[in-house]
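The sequence lines fix the lettering, A, B, ..., with proteins before strands; numbering per chain opens at 1.
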Amino acid sequence: MPDLALKTLVHDKLRFFITVSGVAFAVTLGFVQVGLFMGLMDNATVTIRKMDADIWVTSRNTPNIDFAHAFPESYVQRVRAVPGVADADNLIVWFMNMNLPSGAQEGVEVYALEDFSKWNIPWNVSEGNLDDLRRGNFVFLDDSGIRRFGPFQLGEYREILGRKLRIIGRTQEAESFTTTPMVFMDYELAQALNPDELQNRTTYMVVRLLPGADMDAVKAEIAHLLPYNDIYTRDAWAAQSKRYWVESTGLGLNMYLTVFLGCLVGIVVVAQTLYSSTMEHLREFGTVKAIGGSNADIYSILIKQASIAAVVGFILGAAMAYAMRPAIASINLKLIITPELAVAVFIGSIVMCLASALVSFRKVASIDPALVFRG
Amino acid sequence: MKERNNGAVLDAREIRKRFTEGKQTVDVLHGVDLSLHRGEIVALEGPSGSGKTTLLSILGCILTPTSGDITIEGDLVDIARPASLPAVRKRSIGFVFQQFNLFPALTALENVEYALNIKGIKGREATEEATRVLDDVGLGERASFLPRDLSGGQKQRVAIARALAGRSPILLADEPTANLDSQMGRQILDLFRDLAVKEDRALLIVTHDPKVRAICDRVIEIQDGRLAA
Ligand SMILES: Nc1ncnc2c1ncn2[C@@H]1O[C@H](COP(=O)(O)OP(=O)(O)OP(=O)(O)O)[C@@H](O)[C@H]1O
Ligand SMILES: [Mg+2]
């Protein structure tokens, strides 16, 4: 059966290309915007998800993992005594300044624990031994810092809050939402660097449950023991950290707006090319009607053309977004494309193209088949 | 008996057509009576602007008359309900236009097949029927050509094949030879007539062309919106 819709669509190659490009543009924009957003959200919660902890204890009203306040470190004793708790440790997350060899200062986000290996933090170590951190004025730096601090070698020194610290390890992927690189050091060292605020104090407690322990019961018991702290499950804490950034920064709104604008541009381009294509093929549509075709026959042609443009445009746009990933990675941003996102963008492009086709429906409905007799 | 009116496959009575353009009205047809029988070739002549195309469009159920009755294959066409007309065209009418009106993106064969698909004939059956009529018009060899690769005469043969396909009993042609040179026009007319007669169709050809008159059983003239004998 001859496919009038497909053949007519690809017959005019330039127009087909423009139509598909319009879809591809919107698709790429959707992928990149949402993907970057998801990448940032991923950073915002990466340590929460990687840390081998089931429960997080924070000081009251801590908005997200990066904005910690301190509370007495001795609370950990009470938590360790709660039935069902396998392990509980203090964790300090604190912004500090690092002096660069150039004389400049840059912020780093310090993660400090007594035993890093126990909590699977940092999770991607390329050089160095985590257990050595306990032995003195040492740090692990993350490679994401290279862009800000310049390259570093193990054995070099960096000064943090006035104290010279030796770099004894290198990590990957440890980058916070604010793109501040993470630095890992011993718990007591972090307290010593900032005694005014951290002496005998911690910013979080991470808790691991015994197998089969009742999460709700443990949470309730900790809450009872520590009435001035907030208690979260891992997922709830990650969600809270994300929500903070989405809502307080307008980042979510910004993303939706860009995606919306991308779709708008896509719809305009696709609707415009489909409509002008319809106008150019009026005589053919008139002929379809003259030989007995109904409006529905012509609608189905338009719908099919729009769907083909959507599918081809989606493939092209997805390929472009994929191709952009190395470039995006090179500027230290992460583009996360999940299957759910791909499905959503695909449905979006179909809807966008069908909406564009609707613009032409009225036109073809009004075609007078008598035009086939005119010159 | 299905076909009334002495076996006429198409019967038009008292056809009037008035065009209204803003405040202006033009009365183009003032009561035309006309019938067509199977196997009959009729030429419709008349000066430019006399209403030939208008009448053909009405007979072909593309345009509705302002008043009058049209009976096609024994059924009265419901001119008050334009939505019913495509079905009549689908079932009973094959058109050939001066401008060919082929689908440029489809090959000769596909052009014919597509028309068959619209008429509800699909798949293998459509391909076989399309191949048959293309062979009949002498274009079997060119079945896979796009219209742009065909000459004017070849295009019109495809258009004729398209009208013949599906065995619509009524064939209506509006100046089918006007865009062709005179020798090609003659060939096409002969072919058209032969096929129409062979397959027992009724063929009405609107024309200015005196050659057409020669191949027809009957010539009707339209003047001032009426048929002159
Ligand atoms: N849609 C329309 N609206 C208004 N007037 C129309 C319309 N179609 C045709 N007419 C008028 O009806 C008259 C007959 O037109 P028609 O096209 O039927 O003539 P014709 O005999 O086919 O002429 P030609 O030989 O030049 O093709 C003309 O005066 C034309 O202006
Ligand atoms: Mg005319």
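Using a 4.5 Å heavy-atom threshold, the side chains of A:K289 and B:P86 count as separate. Looking at heavy atoms from C-beta onward, B:Q98 lies out of side-chain contact with A:R374 at the 4.5 angstrom threshold. The shortest distance between side-chain heavy atoms of B:R89 and A:I291 does not fall below 4.5 Å. Under the 4.5 Å side-chain criterion, counting only non-hydrogen atoms from C-beta, A:T287 is in contact with B:F103. At a threshold of 4.5 Å between non-hydrogen side-chain atoms, the residues B:K90 and A:S294 do not count as touching.
Per-residue heavy-atom pair counts under 4.5 Å with chain A were compared for B:V88, B:T53, B:I118, B:L56, and the maximum is reached by B:I118.
If you measure heavy-atom distances from B:R162 to chain A, the contacts under 4.5 Å come from the side chain alone. Interface remark: A:V288 contributes backbone and side-chain atoms alike to the contact with chain B (heavy atom separation under 4.5 Å). Heavy-atom distances place both the backbone and the side chain of B:A115 under 4.5 Å from chain A. With a 4.5 angstrom heavy-atom cutoff, B:L63 touches chain A only via side-chain atoms. Proximity to chain A (any heavy atom under 4.5 Å) is restricted, for B:D174, to the side chain, taken from C-beta onward.
Going from atom CZ of A:F373 over to atom CD1 of B:I62 covers 4.0 Å, rounded to the nearest 0.5 Å. In this structure, CZ in B:F100 is found 11.0 Å from CZ in A:R283, a value given to the nearest 0.5 Å. Distance check, rounded to the nearest 0.5 Å: OG1 of A:T8 to CG of B:L106 gives 5.5 Å.
Contact detail for A:P2 and B:Y114: the closest heavy-atom pair is CG-N, 3.6 Å. Looking at every heavy atom in both residues, A:H11 comes nearest to B:P104 through CE1-O, 3.4 Å.
Residue-environment remark: CZ (B:R18) stays at or below the threshold of 12 foreign heavy atoms within 6.0 Å. Heavy-atom neighbours of A:F361 CZ from other residues, nucleotides or ligands within 6.0 Å: above the threshold of 12. No more than 12 heavy atoms of other residues, nucleotides or ligands shown are found within 6.0 angstrom of CG on B:D224. Within 6.0 Å of atom OH in A:Y256, 12 or fewer heavy atoms from other residues, nucleotides or ligands are found, so the atom counts as exposed in its surroundings.
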